[in-house]
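Fair warning: this is a prediction, and the values are worked out from it, not measured in the lab.
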Amino acid sequence: MFSYRTGKKIVGLAFVMTLVIGCSKSTEEEITPSNQLIHGVDKSIMLNLINKYRTAGCTCGTDKMPPVSKLVWSDKLGQAAFKHTNDMAQKNYFSHTSLDGRGMADRINAEKYTWSTLGENIAKGQTTENQVMESWIKSPGHCKNIMNGNFMEVGFARVQNYWTQNFGRSK
């Protein structure tokens, strides 16, 4: 006999199994492209990938990271990410510090994002959202940025095969 309580238990078990699978499961086949490119990245795919890890929890290196809330898109963080990514691609360098000496906070402040905490991931060489996210998740520091519960917003960009993710919490 199927009851509402049994149904809730089955749904709960399915949810727990999803959490257990977490970081180890490939997400490529589960994410459908939206064809909504923003700053060279499919916004839907990237947000889905980020939020799948965040809501399931993840192991970053040897540190178990608990589930945290989903991130939402920020135009200002996205614009800062795009400008830095474009600068790296056009001037052929790869660094969190721009060639003019500006750091992440300087670039984000220039976009008038009023923040209380910030983070940044950069990558070079990956050709898809799935590839770059897999690289970041395999890197403990980048993974911890993705899983940082203090961050509430994200913006990202890709130019050629340079990538930037900016994370923040506004004041």
Side-chain angles (χ1 to χ4, degrees), residues 23 27-28 31 36-171:
C23 296
T27 57
E28 192 158 1
I31 306 293
Q36 181 187 4
L37 293 180
I38 185 143
H39 304 305
V41 180
D42 187 305
K43 182 179 174 183
S44 178
I45 289 176
M46 185 65 82
L47 278 173
N48 284 337
L49 288 168
I50 291 166
N51 288 327
K52 181 172 181 160
Y53 286 111
R54 286 178 64 89
T55 59
C58 192
T59 300
C60 298
T62 58
D63 296 327
K64 179 96 171 120
M65 306 299 288
V68 293
S69 63
K70 291 181 178 183
L71 295 178
V72 297
W73 174 259
S74 163
D75 287 332
K76 292 177 181 180
L77 291 175
Q79 189 62 24
F82 174 74
K83 287 180 179 178
H84 183 55
T85 307
N86 190 54
D87 192 55
M88 288 190 294
Q90 298 307 313
K91 297 177 181 170
N92 195 30
Y93 72 97
F94 181 67
S95 176
H96 289 283
T97 305
S98 301
L99 293 180
D100 63 7
R102 291 179 311 135
M104 168 190 58
D106 300 314
R107 294 187 298 270
I108 292 172
N109 288 339
E111 298 305 319
K112 309 275 190 263
Y113 183 81
T114 307
W115 55 272
S116 61
T117 187
L118 295 173
E120 179 175 75
N121 287 344
I122 60 174
K124 180 182 174 189
Q126 297 81 1
T127 59
T128 68
E129 292 83 359
N130 287 296
Q131 287 175 355
V132 76
M133 280 298 295
E134 185 175 325
S135 295
W136 281 327
I137 288 297
K138 288 180 179 176
S139 166
H142 294 104
C143 180
K144 287 178 183 177
N145 270 345
I146 292 166
M147 296 302 299
N148 187 330
N150 290 320
F151 298 140
M152 303 306 287
E153 298 175 296
V154 66
F156 37 77
R158 172 189 179 196
V159 175
Q160 297 168 19
N161 289 324
Y162 289 84
W163 301 78
T164 304
Q165 282 180 326
N166 285 330
F167 303 93
R169 171 178 236 145
S170 59
K171 286 185 180 178

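Side-chain N or O atoms of K76 include one that pairs as donor or acceptor with a backbone N or O of K112 at under 3.5 Å. Checking side-chain atoms of R158 against main-chain N and O of Q160 turns up a donor-acceptor pair under 3.5 Å. Using a distance-only test at 3.5 Å, with no hydrogens or angles considered, no donor-acceptor pair links the side chain of R107 to the main chain of K83. Listed for the E129 side chain is a donor-acceptor partner under 3.5 Å among the backbone atoms of D42. At distances below 3.5 Å, at least one donor-acceptor pair connects side-chain atoms of R54 with backbone N or O atoms of I146. Under a 3.5 Å cut-off, the side chain of Y113 and the backbone N or O of S170 do form a donor-acceptor pair. Within the 3.5 Å criterion, the main-chain N or O of H142 finds a donor-acceptor partner in the side chain of N121. At least one donor-acceptor pair closer than 3.5 Å links the side chain of S95 to the backbone N or O of T97.
Rounded to the nearest 0.5 angstrom, C58 SG and M65 CE are separated by 8.5 Å. Taking CG of N150 as the start and CG of N145 as the end, the distance is 11.0 Å to the nearest 0.5 Å. With values rounded to the nearest 0.5 angstrom, Y53 atom OH is found 12.5 Å from N48 atom CG. A distance of 9.0 Å separates CZ of F151 from CG of L71, quoted to the nearest 0.5 Å. In this structure, CG on N86 lies 11.0 Å from NE2 on H39, to the nearest 0.5 angstrom. Rounded to the nearest 0.5 angstrom, N161 CG and Q126 CD are separated by 8.0 Å.
N166 and E120 make their closest contact through OD1-OE2, 3.0 Å (heavy atoms, listed as atom of the first residue, atom of the second, distance). Closest non-hydrogen pair, A105 versus L118, comes out as CA-CD1, 3.9 Å. For the residue pair A123 and V132, the shortest heavy atom distance occurs at CB-CG2, 3.5 Å. For K64 against T59, the heavy-atom pair with the smallest separation is CD-OG1, 3.9 Å. Of all heavy-atom pairs between P140 and C60, the closest is O-CB, 4.0 Å. Taking all atoms of both residues into account, the shortest heavy-atom contact from S69 to M152 is OG-CE, 3.7 Å.
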E134 vs K138, test: salt bridge (Lys or Arg N to Asp or Glu O under 4.0 Å). Steps then yes/no. CA-CA 6 Å; E134 185 175 325; K138 288 180 179 176; 2.9 Å; yes

Full working for side chain to side chain contact (heavy atoms under 4.5 Å, CB included) between W115 and N109: CA-CA 8 Å; W115 55 272; N109 288 339; 2.6 Å; yes

Steps toward side chain to side chain contact (heavy atoms under 4.5 Å, CB included) verdict (I38, F82): CA-CA 9 Å; I38 185 143; F82 174 74; over 6 Å; no

Yes or no on side chain to side chain contact (heavy atoms under 4.5 Å, CB included) for V154 and L47, after CA distance, side-chain angles and deciding distance? CA-CA 9 Å; V154 66; L47 278 173; 3.7 Å; yes

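By the 30° and 60° cut-offs, the orientation of the rings of W136 relative to W163 is perpendicular. Using bins of under 30°, 30° to 60° and over 60° for the plane-to-plane angle, the ring pair Y93/H84 lands in the perpendicular bin.
Considering only heavy atoms from C-beta on, T117 stays 4.5 Å or farther from F167 through its side chain.
In summary, the side chains of Y162 and N92 do present a donor paired with an acceptor at a separation below 3.5 Å, with no hydrogens or angles considered.
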